Amino acid sequence: LGCVEVAPGDPVLLASSLVVSGPNTELGLDSQWGVELAIDFREELLGHPIELQAEDDGCSAEGGQTSATKIVSNPQIVAMIGTSCSGAGVPAAKIISDAGYVMVSPSNTSPALGDPEQAFQVGYLRTAHNDEIQGPAMADFAFNELGVTKAAAIHDGDPYTEGLASSFASAFEDFGGEMVAFEAEAPDASNVEPLLTTVAATGPEFIFSPVFIPLGSLITNTARDIPGLEGVILAAADGIQSPSFLENTVGTSDGMYASGPDLGFSNTLYQDEFLPAYQEKYGTEPTAPFHAHAFDAANMVMDAIEKVAVEGGDGTLLIGRQALRDALYATSGMVGITGTITCDEYGDCADPKISVSEVQNNEFVRVW
């Protein structure tokens, strides 16, 4: 697969492909900042400075394709952290893999990306959980904690949203519940009244909409005015867990639920070092759930580089792409912020823990 040569004094060049523009910017910037902090904490790599080339995945297939194509056009880029969105990850994974590069995503959760029969590509890994875990967790919460027996799901056709909705639906039925509706809506829809009227006619007690901020805000703001949805429990997932969603839904989102990665990490690094550094550098608390996963993804890549790089007699650093790929898949027992990271043959490396938050007084409050 070739070898990256880093001349004496030159930086080790990494890249990111995360959503840093548009309505889901908070998701990508949160991860971007996690990567940057990992580089700040590391300071250098085998005596070389570390540089990051930041690209935008646009939270879309087109953005994933464009950013990955740009990254593999530069032979000095050693590895990529990204993408934010699974829809961007599917084309990016193929481009990255075919070029012999590697990518580690902090927030792709679509089951398809870890499935060799669907979208998995050699060279793809992630520190985010697989939604084959999150879907059943949310189904468990709905059926066993809330006691609902009839549920509906809404997705937007993206690999993330459809995969999570499907995983939830299957698990909910396994628990003994009934899925009364399973619907799709365009992510840029401007009117969801017809959709929600159709869903209301099926008599759900619980509506799970694991979509992104624009559509999630529209569904939340519209649902309360649809006849038949009075008292129906609304729920979403990590795609909406950002301040802008709360700003968009003041007065309509209180009492709804959202599943996502559990950020109640047991290690002291997160509370004592990472969060203070994040707040000092960026002037805000984290804006989405995957900053720590991005920090771990970047460290996973840098650890692997340290393992495989060879220094030539003139001080040139040689990083074999196949050796780097092998080292990443061999990651085992790595202690990260998010837990103990161990990768399987299909790139699933997370130590997955799922929690559910409730919107209370316009804040996400962990309840389960």
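The residues of the chain are indexed from 1 along the displayed sequence. This is a predicted model, so every value here is computed, not measured.
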May I ask you to decide if the ring planes of Phe364 and Phe245 are parallel, tilted or perpendicular, using 30° and 60° as cut-offs?
-> parallel
Check: residues 165-185 side-chain donor-acceptor pairs under 3.5 Å, at least two apart:
unit_1: Ser166; atom_1: OG; unit_2: Glu162; atom_2: O; d: 2.8
unit_1: Ser167; atom_1: OG; unit_2: Asp131; atom_2: O; d: 2.9

What orientation do Tyr124 and Phe120 show, parallel under 30°, tilted 30 to 60°, or perpendicular over 60°?
-> perpendicular
Got more than 12 heavy atoms from elsewhere within 6.0 Å of CD, Gln279?
-> yes
Ring geometry between Tyr257 and Phe141 (parallel below 30°, tilted from 30 to 60°, perpendicular above 60°) = perpendicular
Contacts of Arg42 meeting side chain to side chain contact (heavy atoms under 4.5 Å, CB included) (sequence neighbours excluded), chain-then-number -> Leu45, Ile50, Asn299, Met302, Asp303, Glu306
Is the number of heavy atoms from other residues, nucleotides or ligands under 6.0 Å of Glu273 CD greater than 12?
-> yes
Report yes if some heavy atom in the side chain of Ser86 is under 4.5 Å from a heavy atom in the side chain of Thr161; otherwise report no.
-> no
Consider only side-chain N and O atoms of Tyr101 and Asn74, and report whether a donor and an acceptor are under 3.5 Å apart.
-> no
CD (Glu285) with more than 12 external heavy atoms under 6.0 Å = no
Step by step, would you call Ile213 with Ser242 a side-chain contact (heavy atoms from CB on, under 4.5 Å)?
-> CA-CA 8 Å; Ile213 292 169; Ser242 293; 3.8 Å; yes
Is it the case that Gln53 and Glu55 place a side-chain donor and acceptor less than 3.5 Å from each other?
-> yes
Do Leu263 and Ile133 belong to the same hydrophobic cluster, where Ile, Leu, Val, Met, Phe, Trp and Tyr are linked whenever their side-chain heavy atoms lie under 4.5 Å apart, directly or via other members?
-> no
Are there more than 12 heavy atoms of other residues, nucleotides or ligands under 6.0 Å from atom CD of Glu230?
-> yes
Would you check if there is a donor-acceptor pair between the side chains of Asp30 and Tyr278 at a distance under 3.5 Å?
-> yes
Atom NZ of Lys94 with >12 non-hydrogen neighbours under 6.0 angstrom | no
Locate the shortest heavy-atom distance separating Leu246 from Glu363; write the atom from each residue and the value.
-> CD1-CA, 4.1 Å
